[in-house]
Structure formats: C-alpha cells, structure tokens
Amino acid sequence: MTLTIYNTQTRQKEPFKPTVPGEVKMYCCGVTVYDDCHLGHARSYIVWDTVRRYLLWRGYNVRYVQNFTDIDDKILNRAKEQGRTMSEVSQEYIDAYFRDIRQLNVKDADEYPRVTEHIEEICDLIQRLIDKGIAYPANGDVYYSVQAFPSYGKLSGRTEEQMQSGASGRVAAEDTKKRHPFDFALWKRAKPGEPSWDSPWGKGRPGWHIECSAMIRRVLGDTIDIHGGGGDLVFPHHENEIAQSEGATGKPLAKYWTHNGMVRVNGEKMSKSLGNFTTIRELLDRINPMVVRLFVLQAQYRKPLDFTDDAIASAENGWNTLKEGLLFGRQFGERLGWNPDDDAPHLEDVAEKFQTAMDDDFNTSGGLAVVFELAKELRRVGNILVHGGEVDVSADALQRQWITLVELAGVLGLEAQPEEASESPNGLSDEAILALIEQRQAARKAKNFAEADRIRDDLKERGIALIDKPGETTFVRD
RNA sequence: GGGGACAUAGCCAAGCGGUAAGGCAGGAGACUGCAAAUCUCCCAUCCCCCGGUUCGAAUCCGGGUGUCCCCUCCA
C-alpha cells in the first residue's frame with residue numbers, strides 16, 4: 001500500500017517517496033511572534049502534527065522542524081507601542097505559542113530555529129544569490145531579481161504577465177529601488193532606532209522570506225521531503241522560498257508542497273486583519289482541547305473549515321463518545337481479567353482499514369470513521385457491563401479492540417485523560433452527593449416521586465447528573 | 001481583472017467508473033415511577049444545474065451557476 005500526498009506544485013496526489021527511504025525531513029512555517037495564536041494557527045499545527053504522527057506510525061523516521069519568525073515589522077511595531085524591545089515581545093509570544101499549542105496535544109518539533117539565531121546563514125545565502133546574479137544590492141537593501149529565476153511562479157501557477165495585469169497600479173507605486181516590480185527584499189537597510197545586524201551591505205535586517213530558506217538549509221539540508229504551511233502562504237512566501245533556495249543551490253527545495261485550508265467564520269477567512277479570530281486561549285477556556293482537535297480532524301485538511309457553534313457542539317458530543325471508548329480499558333479492563341497497561345497486538349484488519357483511509361492524502365475523516373466504530377462498540381459493551389448484563393464478546397477480543405482504538409486515536413493525537421478524582425467545583429463532595437442519592441432512593445421506595453425528582457433536579461442544577469441503574473444509582477459531574 | 005480550489009441529507013463529512021462511509025442532530029422501540037444515560041432499528045432512488053462519453057457516473061469530458069482562497073500582512 002502506498003501513501004499518497006497532494007502536492008500543491010503539481011496539483012495532484014503523488015505516491016510518497018522520501019529522498020532517503022524511511023527518512024522524512026519535514027518543515028512547516030511557524031508563526032510570526034507578535035500576538036496570540038488563533039484557531040487558524042491551531043488548525044494548521046494540528047494538521048501537521050497529525051501528518052507527522054501518521055508518518056511515525058507508518059514506520060518513517062521523521063525529523064520535524066518548525067521555525068519562529070522573530071524579526072518582523074509587526075513585532076517591531078508592537079515593541080514600539082509597548083516601549084519594549086523586539087526580543088522581549090517575541091519571547092513573550094513564543095512562550096504563549098507553547099502554552100497554547102501543547103494543550104492541543106501537538107508534539108514539540110525536533111527543532112525550533114529562530115531568525116535571530118541565523119543571521120549569518122541568511123547573509124551567506126544572500127551573498128550566494130548576489131554572486132550568481134540573482135540578487136542585487138541597492139542602497140543598503142538587497143533585492144531578489146525575479147526575472148533571473150525563470151521558473152518563478154511555478155508553485156502558485158502564475159506567470160509574470162498574469163501578475164502584471166493583476167496587480168496593475170498596486171505595484172507601480174512601490175519604491176523605485178527595485179529593478180522589477182515583483183522583486184522582493186532579501187535584506188532591508190536599518191532605520192534609525194531599529195534593531196539591526198551587520199552585513200556586507202551595511203546594517204540592516206532580513207526580509208520576510210529569506211529566513212525560511214536559510215534555516216531549512218542549515219537545519220535540514222538543501223532538499224527536504226515535505227514542506228507544509230497554510231494555504232495563504234503559497235504566494236508569495238513559499239514561491240519566494242523556492243526562488244531563493246533553488247536559485248542558490250540549483251536543487252529542489254521540497255519534494256512535496258502541502259498546504260492546509262483556511263478556517264472560516266461566517267463564510268470569511270479567520271484572520272488577523274479581519275479581526276474575526278478566536279484565540280486558542282479563549283477557545284480553551286470553554287472547550288476541551290480534544291474537542292478542538294476532533295473538530296479540525298473531521299474535515300479534510302485542504303478544505304476550508306467553518307467555525308460555528310453547531311460544529312463545535314457536534315464535536316463536543318462526538319468527543320464524549322470517543323472518550324468513553326478510550327477510557328474503556330481503564331474502567332473495565334481489570335474486571336475483564338486484563339491489565340490496561342499490558343500490551344496486546346492490535347486488530348490487523350482494523351488498522352489496515354485505518355491505514356487505507358489515511359494513506360489517501362491523510363484522510364482523517366475516513367480514519368475517524370474507523371476510530372468511531374471501535375469506540376461505539378466498546379461503549380456498547382461498557383454499558384452492558386455497567387448494567388450487569390451478559391457480554392457477548394470475549395475479554396481478549398475486547399482488549400484487542402481497546403488497544404487498537406487507543407493506538408489509532410493516538411495517531412490522530414486524540415487521548416483521553418482519566419477523570420480527575422472527586423474535585424468538587426460546585427462545593428459538593430462525593431460523600432454529600434451519595435447521601436443525597438440515599439435520600440432519593442428512600443423517597444423512591446416510598447413512592448414519593450415528587451421528593452425524588454426534586455433531589456434529582458436539584459443536583460442537576462449543580463452540574464451533577466444521576467444515572468439510575470438496577471440496584472444502584474451513580475452520578476457524573478458535567 | 002488574473003491565478004487556484006471547492007459544490008454530497010437539517011448540519012459536518014468520506015467517496016476518485018460498478019450502484020451513497022462516519023459524526024452530529026432527528027424519529028420509533030427497549031429500559032425507567034417519570035426522566036437522563038445506554039441499547040436496537042430508521043433517517044439522501046440520489047450527490048448544484050445542463051449537455052456528452054460509457055453496459056454503467058456523485059465519480060470522466062464540455063458548458064453554466066454559486067462559494068471560498070491567493071494576487072497586500074497572514075496558518
């Protein structure tokens with residue numbers, strides 16, 4: 001069976017063959033650290049995290065690198081506003097990034113290169129481009145000469161003429177140091193009072209796209225296997241990365257270019273400039289991180305994803321089902337005569353079904369269908385066990401189902417934590433609740449249903465739901 | 001104006017030439033004193049529209065219509 005990946009550059013799915021068999025070099029564009037991350041970022045990093053987890057599960061050795069862009073006009077502006085240094089601001093949001101993204105069960109990258117730590121590599125790369133006649137200095141700035149790179153536009157599928165006609169008027173007004181309107185800055189001359197670094201062209205700082213080219217080359221080499229990022233980065237960011245890297249090395253930068261779709265709100269892209277974003281921090285105040293993950297993974301990663309209350313509610317309910325399945329082993333394993341921590345072989349046919357789905361360009365929606373079927377079956381059996389009925393499946397089969405579920409859900413980064421023991425935010429201890437249950441049982445026995453219902457409603461209002469079973473009544477906290 | 005995608009039930013969503021996965025919501029029944037939870041069953045004769053190719057198309061081709069993304073910072 002072959003894994004296929006949709007390659008933005010060829011606009012089709014291609015069989016995945018890394019340069020070195022079994023080894024995958026993967027790079028994703030990280031965030032520019034000037035503000036909190038929002039749901040759009042969350043989607044992106046959940047998607048690439050899942051791709052990475054899947055490749056690992058498939059047996060690949062994956063080296064995953066994600067950068068922090070910590071030199072940028074926006075960081076600078078924020079620093080000025082707040083009377084702080086650029087590095088103070090960037091460090092704050094790097095910390096915020098980790099705080100948010102780790103909660104979503106996104107694994108840490110193998111490396112997080114930062115622009116400020118790679119100025120030398122950036123200068124080297126720029127010099128190389130100048131030496132090759134692909135870049136030119138102009139009064140303290142350095143520009144990339146788009147016309148010197150004939151295949152410019154190959155990723156986004158545009159030709160120079162098209163861009164000319166499209167951008168008419170918008171480009172002409174730009175500064176005149178450029179030889180061609182589409183040339184872009186590799187190095188920007190320092191303005192007074194701004195942080196700057198020494199370079200052969202004078203004091204200044206790197207332009208926006210060059211850092212990724214330089215850091216990829218430094219950390220992963222000339223050619224990587226998978227380059228990922230948001231769809232909005234295709235042009236100009238990734239197009240320019242290709243121009244810079246391939247212009248300098250003559251080798252392909254990435255074998256597979258992959259891009260995730262945008263998150264939408266009311267039909268519009270969620271973005272900083274539109275101001276319609278929900279930060280991860282706000283989101284996680286009211287939503288379980290796993291719900292966010294499920295919400296993201298239910299959609300195909302390349303398609304737009306609508307952020308609506310309905311979709312979140314749906315994911316919330318779906319997660320409850322999944323969670324019950326994932327906790328099955330912890331809850332019933334011992335009763336069934338097996339230890340939840342013991343290893344057991346997964347169910348081969350189920351794992352294969354999962355793989356078939358995921359092999360098709362990371363079809364997480366199909367993968368989830370497999371996971372849901374396992375979870376629902378375990379929930380069914382769990383319910384029988386709770387009610388003391390006859391289980392029609394062998395303990396061994398259940399163990400293997402559960403092991404398989406935990407493994408496959410884990411590939412998607414979906415993990416359930418066992419409930420925290422009787423924390424009582426509503427002030428009621430387990431003992432107090434049990435006492436009330438006793439009272440209600442007595443009332444029921446006496447056919448005083450008004451009183452029984454009053455107790456039940458009362459608890460309900462305090463976020464405690466009662467579950468009547470033959471012989472006993474248990475409760476769950478919301 | 002140019003470039004790129006997408007359009008499947010109330011909602012989300014898979015499907016890639018062989019007769020519509022899965023999730024949510026909904027309906028009926030079981031259980032219950034009544035509920036909740038859970039279980040069982042049901043829930044698109046049809047895949048935006050119009051043509052064409054084919055024994056056969058949601059799936060391929062052509063033409064429409066609609067939505068989104070990019071061309072400016074953006075995951």
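Lettering follows sequence order; numbering is per chain, from 1.
- Here B/C68 sits opposite B/G4 as a Watson-Crick or G-U wobble pair (both hydrogen-bonding atom distances under 3.5 Å).
- Side-chain nitrogen and oxygen atoms of A/N317 include none within less than 4.0 Å of the OP1 or OP2 phosphate oxygen of B/G23.
- Across all strands, A/K445 comes closer than 4.0 Å to no nucleic acid atom at all (heavy-atom distances).
- The 5' end of RNA chain B is approached more closely, in terms of each residue's nearest nucleotide, by A/R11 than by the other of A/E377 and A/R11.
- We find that A/K13 and A/D361 are not joined by a salt bridge, their nearest charged nitrogen and carboxylate oxygen being 4.0 Å or further apart.
- A sub-4.0 Å separation between OP1 or OP2 of B/A5 and a side-chain N or O of A/R302 is absent.
- Using a cutoff of 4.0 Å between basic side-chain nitrogens and carboxylate oxygens, A/D73 and A/K191 are not scored as salt-bridged.
- Across all strands shown, B/U45 remains unpaired; no Watson-Crick or G-U wobble contact has both distances below 3.5 Å.
- Heavy atoms of A/F372 sit under 4.0 angstrom from primed sugar atoms or phosphate atoms, though from no base atom.
- Under 4.0 angstrom from either OP1 or OP2 of B/G23 there lies at least one side-chain N or O belonging to A/K376.
- Within the nucleic acid shown, A/H259 has no heavy atom closer than 4.0 Å to any nucleic acid atom.
- Summarising the geometry, the separation between CG on A/D309 and P on B/G10 is reported as 21 Å, rounded to the nearest angstrom.
- Within the shown strands, nothing qualifies as a pairing partner of B/G56 under the Watson-Crick or G-U definition with both distances less than 3.5 Å.
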Sort me out a list of protein N/O and nucleotides 15-19 of chain B N/O pairs below 3.5 Å, or just none if empty.
from  : atom 1 : to     : atom 2 : distance (Å)
B/G15 : OP1    : A/D360 : OD2    : 3.0
B/G15 : OP1    : A/N363 : ND2    : 3.2
B/C16 : N4     : A/K13  : NZ     : 3.3

Taking N or O atoms only and anything under 3.5 Å, show me the protein contacts with nucleotides 65-69 of chain B, one pair per line.
from  : atom 1 : to     : atom 2 : distance (Å)
B/C68 : O4'    : A/R264 : NH1    : 3.2
B/C68 : O2'    : A/R264 : NH1    : 3.3
B/C69 : OP1    : A/K269 : N      : 2.9

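- Base-pair partner of B/C31: not found among the strands shown (Watson-Crick or G-U wobble, both distances under 3.5 Å).
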